[in-house]
Q: 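What follows is a single structure, and I will ask about it in a moment.
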Amino acid sequence: MQTFLNMFPLQASTHAAEVDHMTILVHWLMLVLFIGWGLFFLFVLFRFRKGANPKASYTGAHGKFAKSTEVAVALIEIALLVFYAIPAWATRVKAFPSESEAGVVVVRVVAHQFAWEIQYPGPDGKFGRTDPKLVTADNNLGIDRTDPNAKDDIITTNQLMLPVDRPVLVHLSSQDVIHSFGLYEMRIKQDAIPGLEFPVWFVPTVTTNDMRAKLNNPTFDYEITCSQLCGLGHYRMRGFITVQSEADYQKWMAEQVKALTAK
C-alpha cells in the first residue's frame with residue numbers, strides 16, 4: 001500500500017487518508033481484474049484456436065466459471081460501495097461545518113475564464129453584496145463597496161490564504177462556463193457550474209512551509225487547478241493556496257483590513 005501512496009500527492013487534510021485508502025482498494029480490484037481477464041483472454045485464444053476446433057461450435061462453451069466470476073466481482077464492488085464509499089460520504093456530509101461555528105473559515109471562490117476570485121467576509125463575518133453590473137477589470141466579482149457589509153471584504157485573485165487545523169468552508173460558483181476546483185493535496189475536487197453554488201469543506205493539516213520541508217522544495221506551493229477544459233486559456237488557470245499558522249494568518253488578515261481602510 002505504501003508503494004501506491006508514494007505515487008500520490010502528499011496528504012494535507014484530515015480526510016485525505018480515507019480517500020487514499022478507498023482509491024487504493026479500487027486500484028487493487030482493477031489490477032486483479034486486469035490480470036484475471038487478461039489470463040482468461042489468453043486461455044480462450046488457446047482453448048478455442050482453429051487447430052483444436054476445425055469446426056465452429058454454435059452453442060458456445062458451457063460452465064459456471066464465467067458467471068461465478070462476474071457475480072464475485074459484482075459483490076466486491078457492492079462491498080466497496082456499501083462499506084467504504086457510502087460511509088465516507090455520509091461522514092463528510094454529517095460533519096459539514098456550519099458558518100456560525102467558532103473557528104470555521106468561510107470564503108467564496110468564484111471561477112471565471114481564466115482565474116479564481118476569492119472573497120473573505122472580513123472582520124464582520126458578513127459577505128457584502130455583489131452585482132454583475134458592477135463587474136469591471138478592477139472588480140471581477142462586482143463587489144458593491146457602498147454596502148456596509150462589503151466595506152471590509154477582502155478580495156484576492158488566484159491566492160487563497162488559510163490557517164492550519166481549522167475547518168474551511170468554501171462557497172464555490174462560476175461566472176461563465178463549467179470549471180473544476182481541484183486541490184489535490186487536500187483531496188478536494190468539485191465542479192463549479194454557472195448559476196449554482198456548491199459548498200466544499202476540508203481541514204488543512206500541513207502548512208505550506210512544513211510541506212516545503214517535507215519535499216525539500218523551497219518553492220513548493222499548493223495549487224488550485226481547473227480540472228475541466230474551460231477554453232483556450234485553460235492551461236493557465238492556476239491558483240495557489242498558502243496554509244499558515246494561526247498567528248501568521250491573523251497577521252495577514254490584519255494587513256488586508258488595514259490596506260482597505262487606508263483607501
Side-chain angles (χ1 to χ4, degrees), residues 1-98 167-170 172 178-193 196-206 214 222-230:
M1 184 173 291
Q2 187 60 43
T3 302
F4 279 110
L5 286 175
N6 291 337
M7 301 177 187
F8 296 173
L10 290 181
Q11 300 169 355
S13 67
T14 53
H15 72 280
E18 188 175 19
V19 172
D20 287 355
H21 182 63
M22 178 67 187
T23 303
I24 289 169
L25 289 176
V26 171
H27 278 77
W28 272 118
L29 174 62
M30 292 168 59
L31 179 62
V32 171
L33 291 178
F34 175 77
I35 294 174
W37 288 121
L39 292 174
F40 180 70
F41 176 65
L42 293 176
F43 167 75
V44 169
L45 288 179
F46 176 78
R47 172 66 178 79
F48 299 104
R49 68 192 186 280
K50 183 178 180 181
N53 301 271
K55 185 177 181 181
S57 171
Y58 295 99
T59 58
H62 298 280
K64 298 181 179 181
F65 176 75
K67 182 175 291 186
S68 300
T69 304
E70 292 174 2
V71 171
V73 170
L75 291 175
I76 293 172
E77 292 175 345
I78 291 172
L80 285 173
L81 182 65
V82 173
F83 296 108
Y84 288 94
I86 292 178
W89 170 82
T91 300
R92 295 286 296 163
V93 172
K94 184 178 180 180
F96 216 99
S98 170
V168 178
L169 178 58
V170 176
L172 180 67
I178 297 176
H179 300 274
S180 189
F181 184 65
L183 315 177
Y184 295 125
E185 289 82 6
M186 310 297 171
R187 305 301 190 266
I188 291 292
K189 190 173 182 296
Q190 172 63 55
D191 283 353
I193 301 175
L196 298 175
E197 185 175 271
F198 295 97
V200 180
W201 79 281
F202 59 98
V203 180
T205 57
V206 184
K214 284 185 178 182
Y222 295 117
E223 288 193 14
I224 306 172
T225 63
C226 181
S227 307
Q228 185 79 29
L229 185 60
C230 57

Q: Do L80 and L25 touch side chain to side chain, with heavy atoms closer than 4.5 Å?
A: yes
Q: Do the non-hydrogen side-chain atoms of D191 and F198 ever get within less than 4.5 Å of each other?
A: no
Q: Would you compute the distance between atom CD1 of I178 and atom SG of C226 and round it to the nearest 0.5 angstrom?
A: 10.5 Å
Q: Assign the ring pair H21 / Y84 to parallel, tilted or perpendicular, where the plane angle (0 to 90°) is split at 30° and 60°.
A: tilted
Q: Return the minimal non-hydrogen interatomic distance between S227 and G182, and the atom names on each side.
A: OG-CA, 4.4 Å
Q: Distance from F48 atom CZ to F43 atom CZ, nearest 0.5 Å?
A: 6.0 Å
Q: Determine whether more than 12 heavy atoms belonging to other residues, nucleotides or ligands lie under 6.0 Å from atom CZ of F96.
A: yes
Q: If the test is side chain to side chain contact (heavy atoms under 4.5 Å, CB included), which one of T14, V168, L183 qualifies with P204?
A: V168
Q: Which heavy atom of A192 sits nearest a heavy atom of L172, and at what distance?
A: CB-CG, 3.8 Å
Q: Taking the side chain as every heavy atom from C-beta outward, state whether E185 and V206 have any pair of such atoms under 4.5 Å apart.
A: no
Q: To the nearest 0.5 angstrom, please state how far the CZ atom of F202 sits from the CZ atom of R92.
A: 9.5 Å
Q: Would you give the length of the straight line joining atom CD of E18 to atom CD of Q11, rounded to the nearest 0.5 angstrom?
A: 11.0 Å
Q: First locate atom CZ of F40, then atom CG of L45, and finally report the distance between them rounded to the nearest 0.5 Å.
A: 10.5 Å
Q: I'd like to know if the side chain of H15 reaches the main chain of R187, judged simply by a donor and an acceptor atom lying under 3.5 Å from each other, with no hydrogens or angles considered.
A: yes
Q: Roughly how far apart are Y222 OH and L10 CG, rounded to 0.5 Å?
A: 8.0 Å
